[in-house]
Student: 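Questions regarding the structure given below will be posed in turn.
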Amino acid sequence: MSENKKVRVRFAPSPTGGLHLGGVRTVLFNYLFARQQGGDFILRIEDTDQSRYVDGAEQYIFDCLEWCGLIPDESAKVGGPFAPYRQSERKSTYRQYAEQLVQDGYAYYAFDSTSELEAQRSQFPNFRYGHENRHLLNNSLNLSAAEVASRLQQNIPHVIRIKIPVDDTVTFTDLIRGEVSFDTNLVDDKVLLKADGMPTYHLAVVVDDYLMKISHAFRGEEWLPSAPIHILLWEYLGWKADMPKWVHLPLILKPEGNGKLSKRDGDRLGFPVYAMNWTDPKSGDITRGFREMGFLPEAFINMLALLGWNDGTEQEIFTMDELIAKFSIDRVSRSGAKFDFEKAKWFNHEYIKKADTASLKPQILSILKEKQIEIADNYYLDKVIAIVKDRLTFLQDFWEQSSFFFQQPVEYDLNSVKPKWSDVKTDFFNSLIGIFAGLQNASSAELEAQFKKLAEEKAIKVGEVMLPFRIMLVGGKFGPAVFDIAQLIGLQETTKRIETALKAFTG
RNA sequence: GGCCCGUUCGUCUAGGGGUGAGGACGUUAGAUUUUCAUUCUAGAAACAGGGGUUCGAUUCCCCUACGGGCUACCA
C-alpha cells in the first residue's frame with residue numbers, strides 16, 4: 001500500500017433532487033481534509049440510474065457548492081486529468097471490468113427477469129441471490145458455455161452479478177469506526193452491470209475511485225453494509241494495494257422521533273433541509289433552502305462542521321481556515337446527530353452580529369428592492385444596518401426590524417397608548433415639535449436631554465411619554481433606542497411622524 | 001426477520017479507571033435596555049440496564065434493552 005500517495009477525495013452525488021444537509025456536510029469534510037492535506041477535491045456525478053435522473057439537479061449541485069464556498073478542483077464543469085467526471089459519459093469503461101470479473105470467475109451473467117426475481121422474493125421471505133440458491137437460478141453458473149454464448153449473442157437481457165465467496169469474512173478498517181467485519185455468507189450477489197449496460201453504484205464507485213486515484217472515500221454510514229462488496233471488488237480487480245481508506249460518516253437524524261432527516265421533516269417542522277431552494281421540474285414545487293431562508297454561508301458551514309465533529313476545545317465558532325487547519329477524521333463522532341434548528345439559528349445570529357455592514361449590504365439591498373425602497377443615501381443605510389444587525393437571526397428579519405427607517409409606520413399599537421392618552425400628552429408632543437424645530441444636527445443624547453427637560457417642565461413622568469414617542473416613530477413596542485431612531489431619521493421626519501401619530505392617537 | 005453501526009443533560013457534545021462529569025443551544029429566574037432584541041449573572045438538567053474485571057467503574061469486557069442503517073437491475 002502506497003502510504004504516501006497524494007490525498008484525493010471525491011464527493012459523488014446523484015443528480016436526483018435537492019442537496020441535503022448531510023450531503024453538504026460530506027462535501028465539507030472532503031473539502032476540509034483535501035485542503036488540509038494539500039490534496040485534490042473531486043466532484044463526480046453519479047448518474048447511472050437514468051430513471052431517477054432529474055433535469056437541472058446537476059447544475060443545482062454546482063450552485064450549492066459555490067454558495068458554500070466548497071469549490072471542487074476537478075469536476076464535470078472544470079474538467080481535470082481524469083475526465084469525464086460524469087458516470088453516464090464513462091459508461092463504456094465499466095463493462096470491460098465487469099467482463100474481466102466474469103473471465104476471472106469472480107462474477108457471472110444472470111438472465112433472471114425482474115418478474116422471476118419477484119416471484120422468488122414472494123416465495124421466500126428472506127430471499128437473497130447468493131451461494132445458497134445461485135445454482136438454481138437462471139445464470140451462467142448453471143447454463144452451458146454454449147448456451148451462455150448464444151444468449152449473449154442474441155442480446156438476451158442480462159446483468160452481471162458478483163460471486164460472493166462462501167464461508168469467508170471480510171474485514172476492513174474504517175477510519176471512524178475502527179475494524180468492521182462481515183460474514184460473506186450473508187452478503188448478496190449484487191448486480192454490478194445492469195441490463196441497460198450501466199454499472200450499478202457498486203461497480204462504478206470502485207472503478208472510478210481506482211481510475212481517479214482516490215485516497216480516502218468519505219460517505220454516509222448508510223453505505224457501511226455494502227462496503228464488503230466494494231472491498232471484494234477492489235481485491236478481485238487486482239487493485240487492493242490502491243484501495244482508498246474508508247471513512248463512513250454518521251448520519252444526520254430527524255430532530256424529533258426517529259430516522260434519517262428527510263426533506264419532508266423540513267416541510268413539516270418548518271426548517272430547510274436543502275442548502276438552497278430546489279424547484280422540482282415536474283411539479284414546480286419549491287422546497288426552501290438555507291440560503292433563501294437567510295443563512296449566511298459561513299454560518300451554515302460552521303453549523304454543519306460542528307454536527308458530528310469538534311476540535312476538543314470549547315470553541316464553536318470557526319472560520320473556514322480554522323476548520324481546514326483543525327479538522328481531523330479521528331475527532332468525528334461515531335453516532336448519528338439529531339439536527340437542531342435552534343442551534344443552527346444561533347450560529348446564524350452570531351455570524352450576522354459579527355459580520356461587517358459592507359458584507360451584509362448586497363443582500364440587504366435586494367431585500368429593500370423587493371419592498372420597493374430606493375436607497376439614495378448609502379451612509380444612512382450603513383447606519384441602519386449597524387443599528388439593527390444584532391437583532392437579526394436571519395437576513396430576512398431585516399425588514400421587520402427596520403422598515404420604520406424607510407417609511408412611516410403603517411399602523412400603530414393604539415391599545416398601548418390610547419387608553420392612557422390625555423391632553424397633557426398632546427400638549428407635550430406639540431411643545432416637543434416646537435423644540436425640535438429649533439434644533440439641528442442634534443445627537444441622540446441631546447435629543448434625549450431635551451425630551452427629559454420638557455417632560456420635567458410639563459410635570460410629566462418621562463416614562464409616560466417615552467412609550468408613546470416610540471410608537472409614534474416605530475408603530476409598536478420594539479426596535480432600537482428611540483432617540484437613536486429619531487436622530488437617524490432626522491428631526492424633520494420625526495416631527496412629521498409625531499404629527500401624523502397625534503391625529504391617530506387623539507382621533 | 002437477518003446483518004452491521006451506535007448509546008453522556010431535551011439537543012449537539014467534552015471527558016475518561018478515583019472529576020463538584022465541563023461547554024454550547026434551548027429552558028427558568030434576575031439585572032441592564034423607561035420598548036423589544038442583544039448583553040450580563042445565576043439555576044434546573046445527563047453517564048440506558050444487568051453482570052463481570054478492579055481496592056475503585058460513567059470510562060475496560062460480556063449480555064440485554066433501545067435507537068439507527070442496510071437488506072433493488074436506487075444511489
Side-chain angles (χ1 to χ4, degrees), chain A residues 12-16 46-52 87 110 112-114 117-118 121 125-129 157-161 174 176-178 180-183 185-188 190-202 204-205 219-228 248 250-251 253-260 303 306-317 331 333-347 349-350 353 388-393 397 401 413 416 448 452 461-467 469-471 474 476-482:
Chain A
S14 356
T16 53
E46 309 227 330
D47 55 349
T48 54
D49 184 358
Q50 287 128 335
S51 66
R52 291 217 309 160
Q87 290 182 331
D112 319 83
S113 68
T114 313
L117 290 174
E118 264 165 30
R121 274 187 258 272
N126 290 319
F127 175 78
R128 173 167 49 221
Y129 207 120
H158 63 276
V159 301
I160 292 179
R161 284 179 183 274
D174 179 277
I176 291 177
R177 269 147 242 285
V180 184
S181 307
F182 292 87
D183 177 351
N185 289 345
L186 271 7
V187 179
D188 299 34
K190 286 286 181 205
V191 170
L192 301 178
L193 199 74
K194 300 184 258 190
D196 64 1
M198 277 288 197
T200 57
Y201 172 81
H202 306 299
V205 242
R219 52 168 29 164
E221 194 189 353
E222 71 265 31
W223 289 108
L224 206 47
S226 50
H248 288 95
L251 263 17
L253 310 169
K254 295 177 198 295
E256 39 108 277
N258 315 314
K260 250 201 297 191
M303 178 273 290
L306 271 284
L307 209 51
W309 175 86
N310 69 82
D311 76 340
T313 72
E314 280 165 8
Q315 184 175 350
E316 294 200 278
I317 302 292
R331 289 206 63 87
S333 58
R334 284 152 301 275
S335 47
K338 287 186 182 175
F339 176 62
D340 181 6
F341 190 54
E342 290 305 318
K343 186 91 184 217
K345 277 156 66 174
W346 175 78
F347 273 108
H349 189 194
E350 291 298 309
K353 278 195 295 184
V388 299
K389 206 171 62 160
D390 286 8
R391 339 168 70 88
L392 311 179
T393 295
D397 298 338
Q401 292 295 336
D413 179 358
S416 300
E448 184 169 355
K452 287 183 174 167
K461 279 190 205 145
V462 180
E464 298 273 304
V465 278
M466 208 58 165
L467 187 64
F469 187 40
R470 162 172 299 280
I471 292 174
V474 170
K477 291 192 268 187
F478 61 92
V482 239

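These values consider heavy atoms only, across backbone and side chains, with no hydrogens, waters or symmetry-generated copies. Protein chains get the first letters and strands the later ones, always in sequence-line order, with residue 1 at the start of each.
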Student: Thinking salt bridges, do A/Arg52 and A/Asp49 make one under a 4.0 Å N-O criterion?
Tutor: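 Yes, A/Arg52 and A/Asp49 are salt-bridged.
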Student: Which sits closer to the 5' end of RNA chain B, A/Arg391 or A/Gln87, going by the nucleotide each is nearest to?
Tutor: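 So the residue in question is A/Arg391.
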Student: How would you list, by chain and number, every residue that makes a side chain to side chain contact (heavy atoms under 4.5 Å, CB included) with A/Ser113, sequence neighbours excluded?
Tutor: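 Once residues adjacent in sequence are excluded, the partners of A/Ser113 under the side chain to side chain contact (heavy atoms under 4.5 Å, CB included) criterion are A/Ser115, A/Glu116.
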Student: Taking B/rC9 as the reference, what is the distance to B/rU13 when you measure between their C1' atoms (whole Å, please)?
Tutor: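 Looking at atom C1' only, B/rU13 and B/rC9 are 11 Å apart.
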Student: Among all residues two or more places apart in sequence or in another chain, which pass the side chain to side chain contact (heavy atoms under 4.5 Å, CB included) test with A/Phe339?
Tutor: A/Leu21, A/Ile252, A/Leu261, A/Phe271, A/Phe290, A/Met303, A/Leu307, A/Phe341, A/Ala344
Student: Can you establish whether the number of heavy atoms outside A/Lys353 located under 6.0 Å from its atom NZ is more than 12?
Tutor: yes
Student: Can you tell me the base-pairing partner of B/rA21? Count Watson-Crick or G-U wobble geometry only, both distances below 3.5 Å, and say none if there is no partner.
Tutor: none
Student: Roughly how many Å apart are B/rA72 and B/rG67, using the P atom of each and rounding to a whole number?
Tutor: 23 Å
Student: B/rC4 P sits how many Å from A/Asp174 CG, rounded?
Tutor: 15 Å
Student: Which of these nucleotides, B/rC74, B/rC70, B/rU71, is closest to any side-chain atom of A/Lys190?
Tutor: B/rU71
Student: Does A/Asp112 reach a base, just sugar-phosphate, or nothing at all? Heavy atoms under 4.0 Å.
Tutor: base
Student: Can you figure out which of B/rC73, B/rA75, B/rC12 approaches the side chain of A/Leu117 most closely?
Tutor: B/rC73
Student: For A/Arg177, I'd like to know if atom CZ has over 12 heavy atoms of other residues, nucleotides or ligands within 6.0 Å.
Tutor: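 Result for CZ/A/Arg177: enclosed.
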Student: Is there a Watson-Crick or G-U wobble partner for B/rC3 with both distances under 3.5 Å, and if so, which one is it?
Tutor: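 B/rG69 - that is the nucleotide pairing with B/rC3, both distances being under 3.5 Å.
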Student: Can you name the ring-ring contact (aromatic ring centres under 6.0 Å, His included) partners of A/His349, sequence neighbours left out?
Tutor: none
Student: Would you tabulate the pairs of protein nitrogen or oxygen atoms and nucleotide nitrogen or oxygen atoms of nucleotides 6-8 of chain B closer than 3.5 angstrom?
Tutor:
none

Student: Heavy atoms under 4.0 Å, any strand shown: does A/Lys461 hit a base, just sugar-phosphate, or nothing?
Tutor: nothing
Student: Could you list the protein-to-nucleotides 42-45 of chain B atom pairs, N/O on both sides, closer than 3.5 Å?
Tutor:
none

Student: How far apart are the closest heavy atoms of A/Asp196 and A/Gln50, and which atoms are they?
Tutor: OD2-OE1, 2.8 Å
Student: Which residues pass the side chain to side chain contact (heavy atoms under 4.5 Å, CB included) test with A/Val482, not counting sequence neighbours?
Tutor: A/Met466, A/Phe469, A/Arg470, A/Leu473
Student: Could you tell me whether the phosphate oxygens of B/rA75, OP1 or OP2, come under 4.0 Å of any side-chain nitrogen or oxygen in A/Lys194?
Tutor: yes
Student: Please identify each residue that fulfils salt bridge (charged side-chain N to carboxylate O under 4.0 Å, His left out) with A/Lys345, with sequence neighbours left out.
Tutor: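 A/Lys345: salt bridge (charged side-chain N to carboxylate O under 4.0 Å, His left out) contacts with A/Glu342.
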Student: Can you check the distance between B/rU41 and B/rG23, where both ends of the measurement are the P atom (answer in whole Å)?
Tutor: 12 Å
Student: Using the side-chain heavy atoms of A/Arg470, tell me which of these nucleotides is nearest: B/rC5, B/rC12, B/rU35.
Tutor: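 Looking only at side-chain atoms, A/Arg470 lies closest to B/rU35.
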Student: Can you check the distance between B/rA14 and B/rG22, where both ends of the measurement are the P atom (answer in whole Å)?
Tutor: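 So the two P atoms sit 15 Å from each other.
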Student: Assign each of A/Trp223 and A/Asn126 to its nearest nucleotide of RNA chain B by heavy atoms, then name whichever residue's nucleotide is nearer the 5' end.
Tutor: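 Looking at RNA chain B, the more 5' nearest nucleotide goes with A/Asn126.
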Student: Let me know the distance between CG of A/Leu193 and P of B/rA72, rounded to the nearest Å.
Tutor: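 After rounding, the reported distance stands at 19 Å.
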Student: Got a sec, which residues hit salt bridge (charged side-chain N to carboxylate O under 4.0 Å, His left out) with A/Asp174, two or more places apart in sequence or on another chain?
Tutor: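 Testing A/Asp174 for salt bridge (charged side-chain N to carboxylate O under 4.0 Å, His left out), a comparison that skips the adjacent residues, returns none.
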Student: Can you tell me the pairing partner of B/rC40 across any strand shown, Watson-Crick or G-U wobble, with both distances under 3.5 angstrom?
Tutor: B/rG30
Student: Please identify each residue that fulfils side chain to side chain contact (heavy atoms under 4.5 Å, CB included) with A/Ala110, with sequence neighbours left out.
Tutor: A/Tyr108, A/Asp112, A/Tyr129, A/Asn139, A/Val159, A/Arg161
Student: Of all residues at least two apart in sequence or in a different chain, which pass the ring-ring contact (aromatic ring centres under 6.0 Å, His included) check with A/Trp223?
Tutor: A/Tyr201
Student: Distance between the P atoms of B/rA21 and B/rG43, in whole angstroms?
Tutor: 15 Å
Student: OP1 or OP2 of B/rG15 versus the side-chain N and O atoms of A/Arg331: is any pair under 4.0 Å?
Tutor: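 Yes, within the criterion.
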Student: Is there a side-chain contact between A/Ser226 and the phosphate of B/rU71, meaning an N or O under 4.0 Å from OP1 or OP2?
Tutor: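 So the side-chain polar atoms of A/Ser226 never come under 4.0 Å of the phosphate oxygens OP1 or OP2 of B/rU71.
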Student: Give me the distance, rounded to whole Å, that separates B/rU64 from B/rG2 when you measure between the P atoms they each carry.
Tutor: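 The answer is 12 Å between these two P atoms.
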Student: Nearest whole angstrom, please: distance from the P of B/rC4 to the CZ of A/Arg128.
Tutor: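 One finds 12 Å between P of B/rC4 and CZ of A/Arg128, rounded.
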Student: For A/Met466 and B/rU35, what is the distance between atoms CE and P respectively, to the nearest whole Å?
Tutor: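 Interatomic distance, CE of A/Met466 to P of B/rU35: 8 Å.
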Student: Using atom C1' of each nucleotide, how far apart are B/rU58 and B/rU39 to the nearest Å?
Tutor: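 B/rU58 and B/rU39 have their C1' atoms separated by 36 Å.
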Student: Output the distance between atom CD1 (A/Ile176) and atom CH2 (A/Trp309), rounded to the nearest 0.5 Å.
Tutor: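 Result: 13.0 Å between the selected atoms.
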Student: Given B/rC70, is OP1 or OP2 found less than 4.0 Å from the side-chain N or O atoms of A/Lys260?
Tutor: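 A/Lys260 to B/rC70 OP1/OP2: side-chain N or O found under 4.0 Å.
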Student: Between protein and nucleic acid, restricted to nucleotides 21-27 of chain B and to nitrogen or oxygen atoms under 3.5 Å apart, what atom pairs and distances do you find?
Tutor:
| residue | atom | partner | partner atom | Å |
| --- | --- | --- | --- | --- |
| B/rG22 | O2' | A/Glu314 | OE2 | 3.1 |
| B/rG23 | O4' | A/Glu314 | OE2 | 3.2 |
| B/rA24 | O4' | A/Glu316 | OE1 | 3.0 |
| B/rA24 | O2' | A/Glu316 | OE1 | 2.5 |
| B/rA24 | O2' | A/Lys343 | NZ | 2.7 |
| B/rA24 | N3 | A/Lys343 | NZ | 3.2 |
| B/rC25 | OP1 | A/Trp346 | NE1 | 3.4 |
| B/rC25 | O2' | A/Lys343 | N | 3.4 |

Student: In chain order, what residues pass the salt bridge (charged side-chain N to carboxylate O under 4.0 Å, His left out) check against A/Glu464, with sequence neighbours excluded?
Tutor: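 Only A/Lys425 meet the salt bridge (charged side-chain N to carboxylate O under 4.0 Å, His left out) criterion with A/Glu464.
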Student: Quantified in whole Å, what is the P atom distance between nucleotide B/rA48 and nucleotide B/rU11?
Tutor: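 It works out to 12 Å between them.
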